[in-house]
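Order of the sequence lines fixes the chain letters, A, B, ..., with proteins taken first and strands second; residue numbering starts at 1 for each chain.
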Number of protein chains: 2
Amino acid sequence: MNNYTDILRQHNLKATPQRLEITNALYQAGHITIEKLYEIMHKKFNSISLATIYKNINLMVEASFIQEVKVPNAKSVYELTKDKHSHIVCSSCGDITDVDLDLDSIIKDAATISSHTIDRSDLVLSGTCKNCQ
Amino acid sequence: MNNYTDILRQHNLKATPQRLEITNALYQAGHITIEKLYEIMHKKFNSISLATIYKNINLMVEASFIQEVKVPNAKSVYELTKDKHSHIVCSSCGDITDVDLDLDSIIKDAATISSHTIDRSDLVLSGTCKNCQ
DNA sequence: CTCTGTGCAAAGCGTTTGCAAACGA
DNA sequence: TCGTTTGCAAACGCTTTGCACAGAG
C-alpha cells in the first residue's frame with residue numbers, strides 16, 4: 001500500500017478519494033489515457049465527472065507529480081513521474097513499456113552540435129512487441 | 001525552385017495552387033504549426049479555408065510526404081519528410097531545429113532489452129537555444 | 001469553520017464532415 | 001469531360017470553465 005496521501009499533500013493537493021484512485025490507477029496501469037482512466041474511475045465513483053479527471057490531471061502535471069507522454073499516431077498517456085527513461089510503443093497492440101537507455105553521450109553530442117543547453121529528452125521508439133510478432 | 005508539382009503527383013495528389021503553397025511554406029519554415037500555416041496561406045489565398053489545410057495536411061501525412069512532430073508542452077508541427085533526424089526545441093522561443101544523431105546502438109539496445117522490433121524512433125530534446133541563453 | 005475539490009451543465013476550441021461549385025489533368 | 005479539390009457551414013469530440021454544493025483539514 002503506497003502512501004499517496006502524503007505525497008499528494010507534499011504537492012499541495014488534498015488527498016481526496018478521487019485523487020487517491022487516480023494515483024492508484026496510474027500506478028497500476030503504468031501508462032494510461034484519459035479515456036481509460038475515466039473508465040476505471042467510473043467503476044469506483046459512478047458519478048465522477050470527466051471535468052474532475054481533467055482538473056486533477058492538469059494539477060498533477062503542473063505539480064510534476066505525473067507526466068504526459070506524447071505518442072506518435074495515438075493519444076497521449078500519463079504516468080507517475082519516475083527516473084528518466086524512454087518508451088517503447090507496440091504499433092500493433094498499443095502497449096507501452098518503459099526502457100532504461102543511456103542517452104547521455106547522445107545528448108552531449110546534440111548540445112555540442114546545436115549550441116543548446118538540454119534539460120529534457122523524450123524518446124519514443126515504435127515497433128512490434130514480442131506477443132504481437 | 002523545387003518541382004513539387006511532380007512530387008505531389010507521384011503521391012497521387014493533384015498539384016493545386018493551395019498544395020504547392022503548403023509545400024512551399026513547409027519548405028521555407030522547416031517546421032510549422034497548423035495555425036501558422038493557415039496564417040501564411042491566408043496571405044496568398046484570402047478565402048482559403050482551414051478545412052482545406054486540414055484535408056491536405058492529412059492526405060500528405062498519409063502519403064508520407066510530410067510528417068507530424070509531437071512536441072512536449074506545445075502544439076504539433078509538420079515538416080517535409082526527409083532523412084531520419086532528431087529535434088531540439090527551445091523552451092524559451094519555441095524554435096525547433098533538426099539534429100543528426102546516431103541512435104543506432106541505442107535502438108539496438110532497446111530492441112534487445114525489450115524483445116521488440118523497432119521501426120521508428122522519435123527523439124525530441126528540449127532546452128534553451130544559443131540566442132535565448 | 002474555511003478553503004479546496006467535486007459534479008454538472010454550458011462554453012470553447014481544434015478538427016472533421018457533407019455538399020455544391022470550381023478546377024486540374 | 002470526369003474525378004478531385006476547394007470553401008463554406010455544420011457537426012463533432014475533447015477539454016475547459018463557472019457555479020453551487022460537498023468534503024478535507
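Straight-line distance from the CD1 atom of A:Ile53 to the C1' atom of C:dG5: 13 Å, rounded to whole Å. Remark: P of D:dG25 and CG of A:Asp6 are 10 Å apart, rounded to the nearest angstrom. Between A:Arg19 atom CZ and C:dT6 atom C1' the separation is 10 Å, expressed in whole Å. In this structure, the NE2 atom of A:His11 is 14 Å from the P atom of C:dG5, given to the nearest Å. Rounded to whole angstrom, the span from the CG atom of B:Asn58 across to the C1' atom of D:dT5 amounts to 14 Å. Between the CZ atom of B:Arg9 and the C1' atom of D:dG3 there is a distance of 15 Å, given to the nearest Å. For the pair B:Leu20 CG and D:dT6 C1', the interatomic distance rounds to 14 Å; values are reported in whole Å. Rounded to whole Å, atom C1' of D:dA24 lies 21 Å from atom OH of A:Tyr4.
For B:Gln18, no side-chain nitrogen or oxygen approaches OP1 or OP2 of C:dC23 to under 4.0 Å. Between A:Asn56 and C:dT6, a side-chain N or O to OP1/OP2 separation shorter than 4.0 Å is present. Listed pair B:Thr16 / D:dT6 meets the phosphate criterion, a side-chain N or O lying under 4.0 Å from OP1 or OP2.
If you find the closest nucleotide of DNA chain D to B:Lys55 and to A:Lys14, the one lying nearer the 5' end belongs to B:Lys55. Position along DNA chain D of the nearest nucleotide to A:Pro17 versus B:Leu13 favours B:Leu13 as the more 5'-ward residue.
Taking the six-membered ring where the residue is Trp, A:His11 and A:Phe65 present tilted rings, their angle falling between 30° and 60°. In this structure, B:His85 and B:His87 have perpendicular ring planes: the angle between them is above 60°, well past the 30° mark.
The backbone N or O of B:Thr52 lies less than 3.5 Å from a partner atom in the side chain of B:Asn56, making a donor-acceptor pair.
Across all non-hydrogen atoms, the minimal contact from B:Cys90 to B:Cys129 is SG-N, 3.3 Å.
Put simply, A:Ile66 and A:Ile40 are part of the same group of oily side chains (I, L, V, M, F, W, Y) that touch within less than 4.5 Å, one to the next.
Sorted by residue number, the members of residues 42-52 of chain A with any non-hydrogen atom under 4.0 Å from DNA chain C read A:Ser47, A:Ile48, A:Ser49, A:Ala51, A:Thr52.
Using a 3.5 Å distance cut-off with no hydrogens or angles, the side chains of B:Asp98 and B:His31 do pair a donor with an acceptor. Under the 3.5 Å distance criterion, with hydrogens and angles disregarded, a donor-acceptor pair is assigned to the side chains of A:Ser76 and A:Glu68.
Interface remark: the A:Lys75 side chain does not form any donor-acceptor pair with the D:dG13 base, using a distance-only criterion of under 3.5 Å.
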